[in-house]
K.L.:
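Right, I'll just put the structure down here and ask away after.
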Amino acid sequence: MLTLLLILTSCSDTSPIKIGFVGSITGRFSELGVTARNTLQLMTDEQNKAGGINGRKIELVIRDDKSSPEEAKAAIIDLVQNNVRLILGPITSAMAQATTEAIAGRDVLVMSPTMSTDFLADKDDNLLRTATSSTGQASTLADRAISLGLGKTAIIGDMENKKYATAIANRFKSIMKKAGKEIPVEIAFLSSQNPDFTSIAEKISAKNPDSILFITNGFDAAMLSQALRKTKLKKEPFFGVSWAQSNDIITHGGRAVEGMRLIGLHDYDNVAPEIIALKKQYISRYNKEPSFIYTCYAKIFKIAVYGLEKAKSDNSAQIKHSILDKKTFHVVGTEIVFNKYGDVKEEFNILVIKNGKFVNDI
């Protein structure tokens, strides 16, 4: 009887399943991280109300990377040391190298819906992504600029996210130059060093571009847009990468960012019931509109839950196998298809800021 009791006890583990989150949730650039954290807390609570995962509750373990690769690496290692085997995040591609260094040789699976740098592509490792490639963004934006008849695009890039910014800039320049277009000026800065946006704007204006590409976060894109519109560049089109598509760009950019086109990771024409219900829940709980990233983290959470349910454990290798074995997921009104490396096929949506809102560019 004692033996039977021990067997039954071992087969009915009711301890919480730990899911980690790493993202920037404090400081100047925390809007996306806060939205991601809030969404995961909301999803966790809903999953627990429904019985958790195979009868076990989820414990969301949160770490702030403070927009620092060193902090991100330390946070991931700390989570692993605290028996967290599945981590969602980090947010930006600036954390990519630190993430790969932190997880190498460790029993942990990291899943990120937003780290899009090509540095992470086609690697058989313990990292899965639902983010499309950064160079694909560059191709889409370059094609749109060419279709609009633009021929002199200035580029502004934040080197805090160097691999991401450099890859996008290089692909964009290559496509534009092959089409006989010109890049009259390219300016790099570090957002952590209090850049002089007025000076940057004046240098760009002096080269008379007919359009500007921002490879920056939303807040800096807003500040730069304000500075540029105070020069002679009053109507020249602005383009932005997905990193810039946060509510910060509208809140701080105002009229200066009206008409800006950006790569969107959220389809604003998608009125799937799951998306509508999730947004309603978010606003009801947090009394504010979520940034676009809420759907990204809702999707990755649901995929993670599936992996945990099928693996029937928190063993990272088994979770990864369960997810890649299924390959195709229909979550939060979207189809996501993984390749054998845990990356996804590319689909890009261009948004435009119109009347202070993001809408699909037609």
Side-chain angles (χ1 to χ4, degrees), residues 13-26 30-65 72 75-76 78-91 108-115 127-131 265-266 272-316 318-320 322-323 326 329-334 336:
D13 184 5
T14 58
S15 63
I17 293 177
K18 294 181 179 180
I19 296 180
F21 166 68
V22 175
S24 178
I25 55 176
T26 57
S30 61
E31 187 210 344
L32 295 180
V34 169
T35 299
R37 179 204 61 193
N38 289 350
T39 302
L40 290 177
Q41 190 63 69
L42 182 64
M43 302 289 288
T44 296
D45 292 348
E46 290 298 309
Q47 187 70 32
N48 283 339
K49 286 178 185 177
I53 297 174
N54 298 328
R56 298 170 64 186
K57 298 294 186 182
I58 301 169
E59 178 186 347
L60 184 64
V61 187
I62 298 167
R63 294 291 184 270
D64 183 7
D65 67 26
I76 292 168
D78 176 63
L79 287 172
V80 175
Q81 291 174 342
N82 282 277
N83 299 314
V84 177
R85 299 291 174 257
L86 177 63
I87 298 172
L88 307 182
I91 305 288
V108 63
L109 178 66
V110 170
M111 301 175 64
S112 175
T114 49
M115 287 200 299
L127 173 63
L128 305 182
R129 299 185 300 158
T130 55
L265 298 183
H266 174 72
E274 286 179 278
I275 295 176
I276 295 172
L278 178 61
K279 185 175 182 179
K280 185 177 179 180
Q281 284 179 302
Y282 189 102
I283 294 172
S284 175
R285 178 161 176 170
Y286 300 111
N287 296 312
K288 63 186 297 186
E289 287 267 340
S291 178
F292 76 92
I293 208 170
Y294 80 103
T295 55
C296 301
Y297 270 84
K299 293 170 193 174
I300 206 78
F301 179 85
K302 285 185 171 290
I303 294 170
V305 167
Y306 172 88
L308 286 161
E309 287 177 338
K310 294 296 288 185
K312 293 183 171 60
S313 79
D314 55 2
N315 177 277
S316 61
Q318 292 178 10
I319 299 167
K320 176 185 175 181
S322 297
I323 292 171
K326 180 175 174 64
F329 292 83
H330 293 89
V331 288
V332 195
T334 307
I336 293 174

K.L.:
Compare every heavy atom of A272 with every heavy atom of G333, then report the nearest pair and how far apart it is.
P.N.:
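Result for this residue pair: CA-CB, 3.7 Å.
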K.L.:
Is there a donor-acceptor contact under 3.5 Å from the side chain of S30 to the main chain of S24?
P.N.:
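Not a single qualifying donor-acceptor pair exists.
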K.L.:
State, to 0.1 Å, how close K288 and I283 come at their nearest heavy-atom pair, and which atoms those are.
P.N.:
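Minimum heavy-atom contact is O-CG1, 3.5 Å.
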K.L.:
Rounded to the nearest 0.5 Å, what separates atom NE2 in H266 from atom OG1 in T295?
P.N.:
5.0 Å
K.L.:
If you define the side chain from C-beta out and look only at heavy atoms, does anything of D45 sit under 4.5 Å from R285?
P.N.:
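The answer is yes, as the side chains (C-beta and beyond) meet within the 4.5 Å cut-off.
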K.L.:
Stepwise, does the side-chain contact (heavy atoms from CB on, under 4.5 Å) test hold for Y286 with Q41?
P.N.:
CA-CA 11 Å; Y286 300 111; Q41 190 63 69; 3.8 Å; yes
K.L.:
Parallel, tilted or perpendicular: which fits the ring planes of Y297 and F21, with parallel below 30° and perpendicular above 60°?
P.N.:
perpendicular
K.L.:
Applying side-chain contact (heavy atoms from CB on, under 4.5 Å), name anything that partners Q318, two or more places apart in sequence or on another chain.
P.N.:
A311, S313, N315
K.L.:
Between T114 (side chain) and I91 (backbone), is there a donor-acceptor pair under 3.5 Å?
P.N.:
yes
K.L.:
Do R56 side-chain atoms and S15 backbone N/O form a donor-acceptor pair below 3.5 Å?
P.N.:
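Checked: pair present.
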K.L.:
Taking all heavy atoms of N54 and all of L308, pick out the closest pair and write down the distance.
P.N.:
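What the structure gives for the nearest pair is ND2-O, 3.9 Å.
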K.L.:
Output the distance between atom CG (L127) and atom NZ (K320), rounded to the nearest 0.5 Å.
P.N.:
9.0 Å
K.L.:
Whether K326 engages the ring of Y306 as a cation-pi pair (distance to the six-membered ring centre under 6.0 angstrom, angle to the ring normal within 45°) should be assessed.
P.N.:
yes
K.L.:
Which atom names give the shortest non-hydrogen contact between I293 and L32, and what distance separates them?
P.N.:
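Minimum heavy-atom separation between I293 and L32: CG2-O, 3.5 Å.
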K.L.:
Calculate, to the nearest 0.5 Å, the distance between atoms CG and CE belonging to L60 and M43 respectively.
P.N.:
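Rounded to the nearest 0.5 Å, the CG-CE separation comes out at 11.5 Å.
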K.L.:
How about I19 and T44: do any of their side-chain heavy atoms sit closer than 4.5 Å?
P.N.:
no
K.L.:
For the CG atom of D314 and the CD1 atom of I17, what is their distance to the nearest 0.5 Å?
P.N.:
6.5 Å
K.L.:
Can you tell me how far the CG atom of N83 sits from the NZ atom of K18, to the nearest 0.5 Å?
P.N.:
5.5 Å
K.L.:
Determine, step by step, whether T35 and F292 satisfy the side-chain contact (heavy atoms from CB on, under 4.5 Å) criterion, reporting the C-alpha distance in whole Å, the side-chain angles of both residues, the deciding distance to 0.1 Å, and the verdict.
P.N.:
CA-CA 8 Å; T35 299; F292 76 92; over 6 Å; no
K.L.:
Could you go step by step and tell me if F329 and K302 meet the side-chain contact (heavy atoms from CB on, under 4.5 Å) rule?
P.N.:
CA-CA 9 Å; F329 292 83; K302 285 185 171 290; over 6 Å; no
K.L.:
Is there side-chain contact between V305 and I53, with at least one heavy-atom pair below 4.5 Å?
P.N.:
yes
K.L.:
Regarding T130 and K299, is there a side-chain donor-to-acceptor distance under 3.5 Å anywhere?
P.N.:
no
K.L.:
What are the two closest non-hydrogen atoms of V34 and I25, and how far apart are they?
P.N.:
CG2-O, 3.7 Å
K.L.:
Ignoring hydrogens and geometry, is there a side-chain-to-backbone donor-acceptor pair from K57 to G52 under 3.5 Å?
P.N.:
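Not confirmed, K57 side chain does not pair with G52 backbone.
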K.L.:
So how far is it from L128 CG to I300 CD1, rounded to the nearest 0.5 Å?
P.N.:
7.0 Å
K.L.:
Compare every heavy atom of S112 with every heavy atom of P90, then report the nearest pair and how far apart it is.
P.N.:
O-OG, 3.0 Å
K.L.:
Ignoring hydrogens and angles, tell me if any N or O in the side chain of R85 forms a donor-acceptor pair with the backbone of V80 under 3.5 Å.
P.N.:
yes
K.L.:
side-chain contact (heavy atoms from CB on, under 4.5 Å) between L42 and L278: does it pass, once the steps are laid out?
P.N.:
CA-CA 9 Å; L42 182 64; L278 178 61; 3.9 Å; yes
